[in-house]
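Everything on this sheet refers to the single structure shown next.
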Amino acid sequence: MTWSPNSWEQRLQAQEVIYPDRDALDAVVRKLQRLPPLVTSWEVERLKSYIADAQEGRRFLLQGGDCAETLDDCVSDIIANKLKILLQMSLVLIHLGKRPVVRVGRLAGQYAKPRSKPTEVREGVAHPSYFGDLVNRLEFGAESRRPDPTRMLDGYQHAALTLNFIRSLSAGGFADLHHPEYWDLAFLERAGISDELRARYQDYTRQLGEALEFMEALGEGSFDDLTRVEFFTSHEGLNLRYESAQTRHVPRREGYYNLTAHLPWIGERTRALDGAHVEFFRGIRNPVGVKLGPTTTGEDAIALARALNPDNEPGKLVFITRMGVDRVARGLPGLLSAIQSAGLRVLWVCDPMHGNTVKTESGVKTRSFNDILGEIRRSFAIHKDAGTLLGGVHFELTGDDVTECVGGGLGEADLDRNYASACDPRLNYRQSLEMAFALGESLGQQPKRPASAP
Ligand code: PEP
Ligand code: CO
């Protein structure tokens with residue numbers, strides 16, 4: 001089948017959003033097609049080259065942010081705090097892992113959510129489920145849950161506002177590696193962090209400052225390119241109306257770019273080989289992520305890799321495994337050996353969140369810090385045995401003091417104190433920083449090149 005930005009319409013679409021007003025939908029799509037892109041092909045290609053490095057062990061990918069961003073959370077503090085925790089985690093990973101870290105936020109567009117049930121019933125009343133702020137509203141009611149296409153314009157605008165703030169902060173010195181103290185220490189005081197962790201973090205930032213001074217003294221100049229911190233964006237490319245409306249040719253380049261985000265990904269529920277999402281994603285030039293859950297077979301993984309990256313291009317494909325701590329030993333080795341023996345290029349990333357969701361006795365969705373860390377540690381060990389590399393991690397986290405995951409200072413009784421997620425439970429600031437220290441230790445032991453090149 002010939003690919004076009006709309007060829008997916010010929011395929012079955014899992015998680016399809018049915019918009020009752022077709023004319024309104026068409027008007028929104030036309031508007032989105034005319035608006036300027038959120039990201040550029042230059043940035044997309046740069047990220048692809050970094051992912052290619054990460055496939056060879058020369059970089060490590062840190063991807064993180066909310067399960068579901070909301071339009072209401074497009075607030076300076078919340079965005080800055082997310083940026084800070086990602087920067088701090090990356091610093092810890094650079095220090096302990098001894099390699100550059102590529103930072104990719106689940107932000108500026110993570111507004112669409114797949115749901116296990118299309119409708120939600122409360123006290124005998126049924127309405128469509130909440131599919132994320134890009135589609136409808138969280139509030140339970142006929143009006144608020146009706147899919148409204150104009151929310152795609154709201155989503156686009158809020159993504160643009162978020163990106164604008166992130167770009168300004170990065171350009172304005174907030175993310176300058178010379179000044180990790182901006183990222184910042186007042187913040188460290190607030191979060192009930194242990195003295196030991198605080199001291200370690202402060203020690204790292206001091207060493208980093210000294211190392212930069214030393215390098216600059218040697219070169220008698222400044223290392224602008226080395227010390228400016230880059231951020232990339234990602235979200236689940238679930239709503240194909242939104243994604244395809246922003247997919248276009250750019251001058252002097254071949255092919256089509258999805259310019260809503262640098263790294264869009266396909267979710268576990270929408271990765272059917274003959275489905276609409278794989279059809280759409282196979283035609284874009286962006287690097288593409290795919291979530292792989294515990295039922296994925298080696299043949300599935302090979303077929304997806306061939307469909308999404310037929311030329312076996314470096315940096316193009318990111319497989320994000322999300323097995324669960326108890327299933328990773330059964331699910332992961334077969335995928336690694338299948339992809340390896342087929343000679344296919346993939347960046348292996350561990351999402352230790354989505355296979356480890358549990359409900360407490362009182363019915364609250366949570367995840368345990370130990371299970372999350374457990375899946376990461378097991379994944380490192382499985383990759384080591386297979387001679388492959390774990391090239392990145394994917395977290396649901398926030399820079400705020402929420403109480404959604406247990407462990408790292410929180411018990412079940414704490415969960416209702418500040419449970420703020422619109423969807424899945426996120427690591428809070430302290431849990432995220434502790435996770436970075438624990439993860440960094442495993443990363444530091446991983447070789448910097450694969451045992452066997454593809
Ligand atoms: C998610 O990343 O929020 C998500 C829904 O993940 P998955 O597709 O892996 O279930
Ligand atoms: Co989630």
Side-chain angles (χ1 to χ4, degrees), residues 13-17 61-70 73 82 104-118 129-135 138 155 233-240 243 261 263-273 275-278 280-281 288-296 300-301 304 308 317-325 327-328 331-332 335 347-359 364-368 371-372 375-376 379 392-398 402 404-405 419-428 431-432:
Q13 194 187 158
Q15 301 278 332
E16 184 176 5
V17 176
L61 185 97
L62 171 65
Q63 189 175 16
D66 298 308
C67 180
E69 263 185 300
T70 64
D73 282 353
K82 247 180 289 185
V104 180
R106 280 178 66 115
L107 45 75
Q110 177 51 20
Y111 296 126
K113 295 308 300 174
R115 301 320 299 247
S116 42
K117 298 197 189 78
S129 296
Y130 169 62
F131 283 92
D133 276 9
L134 198 67
V135 174
L138 182 58
T233 61
S234 68
H235 62 250
E236 177 170 351
L238 185 66
N239 189 329
L240 294 177
E243 304 298 321
L263 172 61
W265 78 83
I266 308 179
E268 164 73 355
R269 291 166 191 77
T270 49
R271 61 172 168 77
L273 195 60
H277 289 81
V278 170
F280 171 72
F281 274 79
V288 162
V290 191
K291 294 286 203 87
L292 300 177
T295 58
T296 318
D300 295 338
L304 281 166
L308 293 166
L317 190 58
V318 180
F319 274 171
I320 307 165
T321 61
R322 31 87 84 218
M323 303 279 163
V325 64
R327 298 175 81 172
V328 65
L332 186 56
L335 305 189
L347 180 70
W348 292 102
V349 169
C350 172
D351 163 0
M353 311 302 288
H354 288 89
N356 291 311
T357 316
V358 292
K359 270 198 177 164
V364 184
K365 248 208 245 182
T366 190
R367 293 160 171 160
S368 109
D371 289 350
I372 295 167
E375 182 166 346
I376 295 176
S379 298
V393 282
H394 181 118
F395 291 115
E396 286 184 344
L397 56 77
T398 164
V402 300
E404 298 168 8
C405 293
Y419 198 104
S421 177
C423 197
D424 289 337
R426 302 160 296 177
L427 295 170
N428 66 17
Q431 290 166 330
S432 301

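Each residue takes its place number in the sequence, starting with 1. When a ligand or atom number is given, it counts from 1 through the structure's own listing order.
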### Task
Classify the contact between Met353 and ligand 1 as side chain, backbone, both or neither, using a heavy-atom distance cut-off of under 4.0 Å.
neither
### Message
For a ring-ring contact (aromatic ring centres under 6.0 Å, His included) check, start with the C-alpha distance between Trp265 and His235, then their side-chain angles and the critical distance, and finish with the verdict.
### Response
CA-CA 6 Å; Trp265 78 83; His235 62 250; 7.3 Å; no
### Query
Checking Ser379 side chain against Glu375 main chain: does a donor-acceptor pair fall under 3.5 Å?
yes
### Task
Just let me know how Ala68 lines up against ligand 1, side chain, backbone, both or neither, with a heavy-atom cut-off below 4.0 Å.
neither
### Task
May I ask you to list the atoms of ligand 1 that are less than 4.0 angstrom from any heavy atom of Pro114?
5 (C)
### Query
Between Thr398 and Ser432, which heavy-atom pair has the shortest distance, and what is it?
O-OG, 4.3 Å
### Task
Check all N, O or S atoms of Glu396 and name the one closest to the Co ion (ligand 2).
OE2
### Query
For ligand 1, which atoms have a heavy atom of Cys67 less than 4.0 angstrom away?
3 (O)
### Query
Thinking salt bridges, do Lys113 and Asp133 make one under a 4.0 Å N-O criterion?
no
### Query
Taking all atoms of both residues into account, what is the closest heavy-atom pair of Arg426 and Ala420, and its distance?
NH2-C, 3.6 Å
### Task
Measure the CG-CG distance between Leu292 and Leu304 for me, rounded to the nearest 0.5 Å.
6.5 Å
### Task
Among all protein heavy atoms, pick the one closest to atom 3 (O) of ligand 1 and tell me residue, atom and distance.
Lys113 NZ, 2.7 Å
### Task
Provide the closest heavy-atom pair for Phe281 versus Val288 in the form atom of the first, atom of the second, distance.
CD2-CG1, 3.5 Å
### Message
Tell me if a side-chain donor or acceptor on Glu236 pairs with a main-chain N or O of Ala112 at a distance below 3.5 Å.
### Response
no
### Closest to atom 7 (P) of ligand 1 (judged by heavy-atom distance), picking from His235, Arg106, Lys291, Gln110
Lys291
#### Entry: Shortest protein heavy-atom distance from atom 4 (C) of ligand 1, along with the residue and atom involved
His354 NE2, 3.3 Å
### Task
List every atom of ligand 1 that sits less than 4.0 Å from any heavy atom of Arg322, numbering the atoms from 1 in the order shown and giving each element.
7 (P), 9 (O), 10 (O)
### Task
With the Co ion (ligand 2) as the reference point, give the N/O/S atom of Asp424 that is nearest.
OD2
### Query
For ligand 1, which atoms, with element, lie under 4.0 Å from some heavy atom of Gly267?
8 (O)
### Query
Counting from 1, what ligand 1 atoms have a heavy atom of Glu396 closer than 4.0 Å?
1 (C), 2 (O), 3 (O)
### Query
Would you say His394 and ligand 1 have an N/O pair spaced under 3.5 Å apart?
no
### Task
Could you check Ser234 against Arg106 for side-chain hydrogen bond (donor to acceptor under 3.5 Å, both in side chains), going step by step and ending with a plain yes or no?
CA-CA 5 Å; Ser234 68; Arg106 280 178 66 115; over 6 Å; no
### Message
Tell me the angle that SG of Cys67 and NE2 of His354 form around the Co ion (ligand 2), rounded to 10°.
### Response
170°
### Query
Do any of the N, O or S atoms of Cys423 sit under 2.8 Å from the Co ion (ligand 2)?
no
